[in-house]
Amino acid sequence: MTKKEAQQEIARLTDLVRYHNKLYHQYAQPTISDYAFDQLLANLAQLEAQFPEYQLPDSPTKVIGETPTKNFETVYHQYPMRSLSNTYSAAEAAHFVQRIAKQLPGESIEFFCELKFDGIAISLVYEQGVLKRVVTRGDGTKGDDITRNARQIKTIPQVIRAQDVPPAFEARGEVCMPWSEFERLNEARKAHGEEPLANPRNAAAGTLKTLRPGSGPPRTLDCYLYALRAEVMALDTHEEGIRLLERWGFNVSDTYQKCKDTQEVLDYIHYWEEQKKNLPVGIDGVVIKVNRLAQQNSLGTTAKSPRWATAYKYKPAHVATILEEIVYQVGRTGAITPVAQLQPILLAGTRVKRASLHNAGEIERLQLHLGDTVFIEKGGDIIPRVIGVDTTQRKAHSRPAKFVTHCPACGTVLARRYAKVLYYCPNAQCSPQIRAMLEHFVHSKAMDIQAIGKKTIALWLEKGLVRTPADLYALREGDIYALEGFKDLSTRNILQGIEQSKRQPFARVLFAIGIRHVGAVVAEKIAHHYASVDRLAQTSAEELMTIPAVGREIAHSVVAYFQISENLQLIEALKKAGLQLYTIRPEAALASQPLANKTFVISGTFESFGREALRGGIESRGGKVLAGVSRKLDYLVAGHHPGPAKLAQAEAQGIHIVDEAAIKQMMGW
Ligand code: IVH
C-alpha cells in the first residue's frame, strides 16, 4: 500500500466508523453487526499504527472504551437491589412517617427526601477509586453487566481522585435521558418517519443498550446518584454518603432536603409536584428515607423493599373535558388518523385542545359518543391522549362516533389494513396525499430544497404547475416567475435548490420518494445493501428481510411500491432528471461488495434464510452464483442435506466448503 493509498483508506475507514456510530447512537439502529463494526475499527487502528502521520486528531480509535455488546453478561449484585414500597396518597405518606416514629419510640428522627428519578436503576462498583463494574438492577439479585456501555456516560466518573476514597465502594443511581435530548431524539425520529418514543425512560433504556465507544461521549444520558455503600467507612447518616458522592465528583441532584416531620415531608412532595416541569429530567415522585443508618438497620427490610424508605408517586395529570368533534387527517401515505377536538383545557401547564385517538380500534374500545365528557391524560408521554369516558355524563340523545367510511379529502371509499384498525385512502391522487408527498420530498431530511416551502407547494398545486416530485425538475424560470409573489431572487433560489438536490445521495432519494414505512434510516440501510434502484425494484421481500431492522411490513411495502406503474414512472422520470438512483460513493460500493469476483454454488437448505435470499445476498455483494461445481469455483455453500455428488466433487477438487454460519459471517448477516 502506498502512502497515498494509506491516507485515503484511513480517511475512508474513519468516515465509515463515524457513520456507523451515528446510526448506532443517534438512531439506535445499527446496520452492521457488532462484529463487522469491530473489524472496521481494528482495520483502522492497524493502519493508524502503520501510518501514524495520517491518523486524524479526533480518530474514533482514540476514544477510550471497550467494544460494546448487546449480549450482556448476567452478574450477581453484592447486595440485593431492592425496590421501594410506594403510594399515591398523601395520607399514606403521612402514615409512613408516623409509623416510623412509632417504631422508634423516643428517638429523634430525620427524614431525607429526594426526587424519584424516572430512568434505569444501576449499581456502580469502584475499587481503589477506579470504576470496575456497572450493572442494571435486573431482577434485584442479578442484572446485566453494562460496564462497557455505561463508561460512555459523561456523568459517571471513571476514576475518583480524592484522599478519602475507600478501597471499595458501591454507588447506586438512575440513568436518565434529559427532556431536551428526548425531544431532540423524537424530532429526529419523526423527521425520519419513525414513531416517536413514548417517554424518556424507554429512550434511556434503548440508548443504554446501544452506547458504543468511538463517537465521543454521548450527551444523551445522565446518571443521578442516590446511594453510597462503603463497608469500611463508618458513616452515621445517608446524608453523609450523599455528600461524599457529591465531593467525589458524582452527579447528585441538589434537590434533596432533610425534613423533621410529616408537614415538612408533605411540603416537599407538593413543592416538587409543582416544580417538576422545570427539572432537566423526568421524575415520577419523591423518595422518603430515614436518614440515620443505625435507625435504618433497626427498621430492617422485607424481602422486597426496605422498611425505612418509601416512594410517593405523582399521578399522571388528567382532566375531564368535552369531546366536540373527531376530525380525520389524511397522511402522506393515505393513512387516516382520527384526532379528538376538545373543549380547550389546561393540563400539566399547557392548553390542550386536541388529543390523539390513534386509530379506529381506539375509538371502538372507548365507545365514544360526540359530546361525551372524556378524560385526557398527559403522563410520561408527551402527546395527550384520551384515556376514558365518563358515561354518567352522557347526553341522552348523543350518538356513537362512527369512523368515516370515505376519504374526507377526496371522497374515495376507504380501505382497511392491519387487523382492520387502520383505514387508508387508496387514491394516490388524493390532494392531501400529493401535497404531503411533495412536502416530504423537499424536506431538509430528504432532498433538502429549502427554498420551497409549504405555501409554495400549495400554490403550485392549485395552479397545476406540479403534481409529482418529478415535475419539480421540469420547472423553468418563466413558470415560477409568472406566479404572483415570486421575485427574481426567490425564483433563482428555488431553481438553484432544485438543481443542487440532484446531488443528494441515493439513500436520501429513496427516503424522499416516500415508500410507506421507509424512514431515513431504513432507506440508508436499503441503499447500502442494493447499489441501485433497479436492483431494488427487482428484489424479493425475503432478501429485503435479511437486512437488519427491515421487517416483514417494510419489506412487503417496498416490494408493493415497485409493482405500481405510477411509481415506476416516477422513478424513470427522476432518473431522467439526473437524480442519484444508485450509490455514488464507489468506496461504499466496494465496501458493500465483499464477495466481488468470487463464485459460489449453493446446495442444501438453510435455517435462517431461503436459497433465493441467499442468492440475492451473495449477488448484491458482488459474488456470482453458479449452477455446478467446477475447478474454478471458489466456494460451495453447504446447508442441511447438501447434494452428495456436489459435496464429493468439491472435496475432490479442494474447493472451500462453507456452512451456514460461515457464509453469514462472510456476508455480514
Ligand atoms: S432508593 C432500597 N432513591 O426507584 C431502595 N431509589 O423502586 C433503594 N429511584 O428502581 C432505592 N430515584 O432506581 C432510591 N432517589 C432515589 C431514587 C430511586 C429513583 C428508583 C430506583 C428503583 C426504584 C425503586
Side-chain angles (χ1 to χ4, degrees), residues 77-88 92-93 96 100 110-125 134-144 146 150 153 155-156 169-178 199-202 204-205 208 221-230 235 237-246 250-259 265 268-269 271-273 275-276 279-293 295-314 380:
H77 296 297
Q78 199 177 353
Y79 315 102
M81 283 183 85
R82 295 196 168 83
S83 65
L84 289 168
S85 59
N86 66 59
T87 173
Y88 286 90
E92 276 185 32
F96 166 81
I100 300 286
E110 250 174 11
F111 293 94
F112 197 87
C113 293
E114 296 166 2
L115 302 185
K116 186 171 185 309
F117 298 99
D118 194 9
I120 310 298
I122 57 165
S123 137
L124 308 168
V125 175
V134 184
V135 186
T136 62
R137 191 171 77 150
D139 65 2
T141 314
K142 55 187 186 318
D144 287 340
I146 54 157
I153 299 172
T155 41
I156 296 182
F169 72 89
E170 184 186 336
R172 288 186 177 174
E174 199 86 354
V175 173
C176 302
M177 179 175 283
N199 53 53
R201 191 184 347 100
N202 291 0
L208 198 54
L221 296 178
D222 265 339
C223 180
Y224 287 86
L225 278 294
Y226 55 69
L228 169 69
R229 193 151 188 164
L235 302 180
T237 59
H238 173 69
E239 179 185 11
E240 283 171 38
I242 292 294
R243 292 203 187 275
L244 276 174
L245 286 173
E246 275 177 342
F250 286 95
N251 185 33
V252 177
S253 166
D254 62 4
T255 48
Y256 56 75
Q257 192 183 310
K258 274 189 290 183
C259 297
V265 169
Y268 182 84
I269 288 174
Y271 177 80
W272 284 108
E273 178 151 33
Q275 288 298 316
K276 72 180 191 326
L279 290 166
V281 290
I283 62 166
D284 57 345
V286 304
V287 184
I288 311 156
K289 301 174 177 176
V290 170
N291 196 17
R292 293 219 150 267
L293 300 184
Q295 290 175 336
Q296 286 188 2
N297 283 338
S298 79
L299 290 162
T301 69
T302 69
K304 272 174 70 185
S305 51
R307 290 199 192 86
W308 47 263
T310 198
Y312 174 90
K313 294 189 44 169
Y314 297 126

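All residue numbers refer to positions in the sequence shown, counting from 1. We count ligands from 1, going down the list as the structure has it; atoms in each ligand are counted the same way.
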Identify all pairs of nitrogen or oxygen atoms, one from ligand 1 and one from the protein, separated by less than 3.5 Å, and list them with distances.
{"from": "ligand 1", "atom 1": "3 (N)", "to": "K289", "atom 2": "NZ", "distance (Å)": "3.0"}
{"from": "ligand 1", "atom 1": "4 (O)", "to": "K116", "atom 2": "NZ", "distance (Å)": "3.2"}
{"from": "ligand 1", "atom 1": "7 (O)", "to": "L84", "atom 2": "N", "distance (Å)": "3.1"}
{"from": "ligand 1", "atom 1": "12 (N)", "to": "F117", "atom 2": "N", "distance (Å)": "3.0"}
{"from": "ligand 1", "atom 1": "13 (O)", "to": "E174", "atom 2": "OE1", "distance (Å)": "2.4"}
{"from": "ligand 1", "atom 1": "13 (O)", "to": "Y226", "atom 2": "OH", "distance (Å)": "2.6"}
{"from": "ligand 1", "atom 1": "15 (N)", "to": "E114", "atom 2": "OE1", "distance (Å)": "2.8"}
{"from": "ligand 1", "atom 1": "15 (N)", "to": "L115", "atom 2": "O", "distance (Å)": "2.9"}

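Taken from CG in L225 to OG in S253, the straight-line distance is 11.0 Å, to the nearest 0.5 Å.
Considering only residues two or more places apart in sequence or on other chains, R292 meets the salt bridge (charged side-chain N to carboxylate O under 4.0 Å, His left out) condition with none of them. Considering only residues two or more places apart in sequence or on other chains, E114 meets the salt bridge (charged side-chain N to carboxylate O under 4.0 Å, His left out) condition with K289. Listed by chain and residue number, nothing satisfies the side chain to side chain donor-acceptor pair (under 3.5 Å) test with Q78 (two or more places apart in sequence, or in another chain).
Residues V265 and C113 form a side-chain contact, since some pair of their non-hydrogen atoms from C-beta on lies under 4.5 Å apart.
For R229 and F169, the positive end is not near the middle of the six-membered ring at less than 6.0 Å and at most 45° from its axis.
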